[in-house]
Amino acid sequence: MLKIATWNVNSLKVRLPQVLQWLADNPVDVLAVQETKMTDDKFPQAEIEAAGFHVVFSGQKTYNGVAIIARHPIEDVVKNNPLFLDEQQRLLTATVAGIRIVCAYIPNGQSLESDKYQYKLKWLDALHDYLDSERKLHTNLALLGDYNIAPEDRDVYDPAAWIGENLVSPPERAAFVRLQHLELIDAFRLFDQAEKLYSWWDYRRMGFRLNRGMRIDHILLSPPLAARCTACVIDKVPRKWEQPSDHAPVIATLSA
DNA sequence: ATGGCGGCACAATGCCGA
């Protein structure tokens with residue numbers, strides 16, 4: 001049995017104790033981390049390794065930054081998308097326990113009028129092409145991360161209020177569908193799930209207490225991994241801790 | 001209608017996130 005997870009920690013400097021606590025509490029084999037918000041020289045590699053994990057990372061100052069933490073050796077690491085020149089550190093790929101792990105922090109987009117939105121769509125287009133090449137090299141392929149896309153209205157607390165907005169706009173959702181056309185399957189939707197389950201809640205307006213959230217963190221699996229997947233859950237526990245990230249971890253369980 | 005929280009920085013207000 002293997003558990004793979006993703007968590008946007010919103011600053012690893014602030015959240016490192018919570019990440020280590022969560023890893024101690026949860027027997028996950030791989031954790032894809034987004035928004036480390038630190039340069040590589042500041043990365044807490046020694047602390048994570050001292051806790052018994054392997055780790056690789058690709059960061060920058062203030063924004064973005066991704067990492068892969070694993071209980072097993074990490075091999076064949078690739079930083080960024082070879083098909084997309086990008087100064088922002090948002091993509092990290094590595095092989096762990098025979099699975100090609102792609103950790104992605106997909107751009108937020110800000111608003112449909114923003115240049116950042118155009119960047120988001122271009123980034124998604126390049127991600128699609130990169131995954132199309134990766135899936136031909138690796139039958140066991142998993143894309144984990146903060147997608148900044150709520151795929152369907154049931155992934156949004158108030159769909160009527162969000163029609164056409166950033167995170168749900170048709171071009172973004174089409175990009176998500178295009179990833180699925182690469183035979184990448186949304187692990188969460190492999191199973192019957194309760195209604196109103198989300199992975200992010202706004203810090204403001206009591207978003208979490210009122211469960212005003214969005215499901216924007218996802219785990220997509222290639223067919224052999226989807227066939228092994230026995231569960232996919234969102235862990236709301238760390239969102240209830242003091243000084244939490246605004247995102248919750250998502251965990252997929254794979255049978256041996 | 002606006003911003004409301006939280007993290008960060010050539011910080012003491014402005015930016016970005018989602």
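Just so it is clear, the values below take in all heavy atoms, side chains as well, and ignore hydrogens, waters and symmetry mates.
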To the nearest angstrom, how far is Lys42(A) atom NZ from dA9(B) atom C1'?
12 Å
For a quick check of understanding: with a heavy-atom distance under 4.0 Å over all strands, which category does Asn8(A) fall into, base, sugar-phosphate or nothing?
sugar-phosphate
Verify the distance criterion only: is there a donor paired with an acceptor across the side chains of Glu75(A) and Thr95(A) at less than 3.5 Å?
no
In whole Å, I'd like the distance from the CZ atom of Arg204(A) to the P atom of dA18(B).
11 Å
Rounded to whole angstroms, how far apart are CZ on Arg205(A) and P on dA1(B)?
14 Å
Quote, to the nearest angstrom, the C1' distance that separates dT13(B) from dG3(B).
16 Å
Test: Arg154(A) and Glu195(A) ion pair at under 4.0 Å
no
note: Glu35(A), atom CD; dG17(B), atom C1'; distance rounded to Å ~ 6 Å
Show every donor-acceptor pair shorter than 3.5 Å between a side-chain atom in residues 175-183 of chain A and any protein atom, with sequence neighbours excluded, or say none if there are none.
{"residue": "Arg178(A)", "atom": "NH1", "partner": "Asp125(A)", "partner atom": "OD1", "Å": "2.7"}
{"residue": "Arg178(A)", "atom": "NH2", "partner": "His128(A)", "partner atom": "ND1", "Å": "3.4"}

Given Asp186(A), Asp146(A), Asp153(A), the one that forms salt bridge (Lys or Arg N to Asp or Glu O under 4.0 Å) with Arg215(A)
Asp186(A)
Any Gln110(A) side-chain N or O less than 4.0 Å from OP1/OP2 of dA18(B):
no
Pairing donors with acceptors under 3.5 angstrom, does anything connect the side chains of Asp217(A) and Trp200(A)?
no
Short N-O contact, Arg189(A) and Asp155(A), less than 4.0 angstrom:
yes
Could you give the distance separating dG4(B) and dA18(B) at their C1' atoms, to the nearest angstrom?
14 Å
Among the nucleotides dC16(B), dA18(B), dC5(B), which one has an atom lying closest to any side-chain atom of His247(A)?
dA18(B)
Give me the distance, rounded to whole Å, that separates dG6(B) from dC10(B) when you measure between the P atoms they each carry.
23 Å
Rounding to the closest angstrom, what is the interatomic distance between dA12(B) and dG7(B) at atom C1'?
15 Å
What's touching nucleotides 6-8 of chain B from the protein side, N or O pairs under 3.5 Å?
{"residue": "dG7(B)", "atom": "OP1", "partner": "Arg15(A)", "partner atom": "NH1", "Å": "3.3"}
{"residue": "dG7(B)", "atom": "OP1", "partner": "Gln243(A)", "partner atom": "NE2", "Å": "3.2"}
{"residue": "dG7(B)", "atom": "O3'", "partner": "Ser11(A)", "partner atom": "OG", "Å": "3.3"}
{"residue": "dC8(B)", "atom": "OP1", "partner": "Ser11(A)", "partner atom": "OG", "Å": "2.4"}

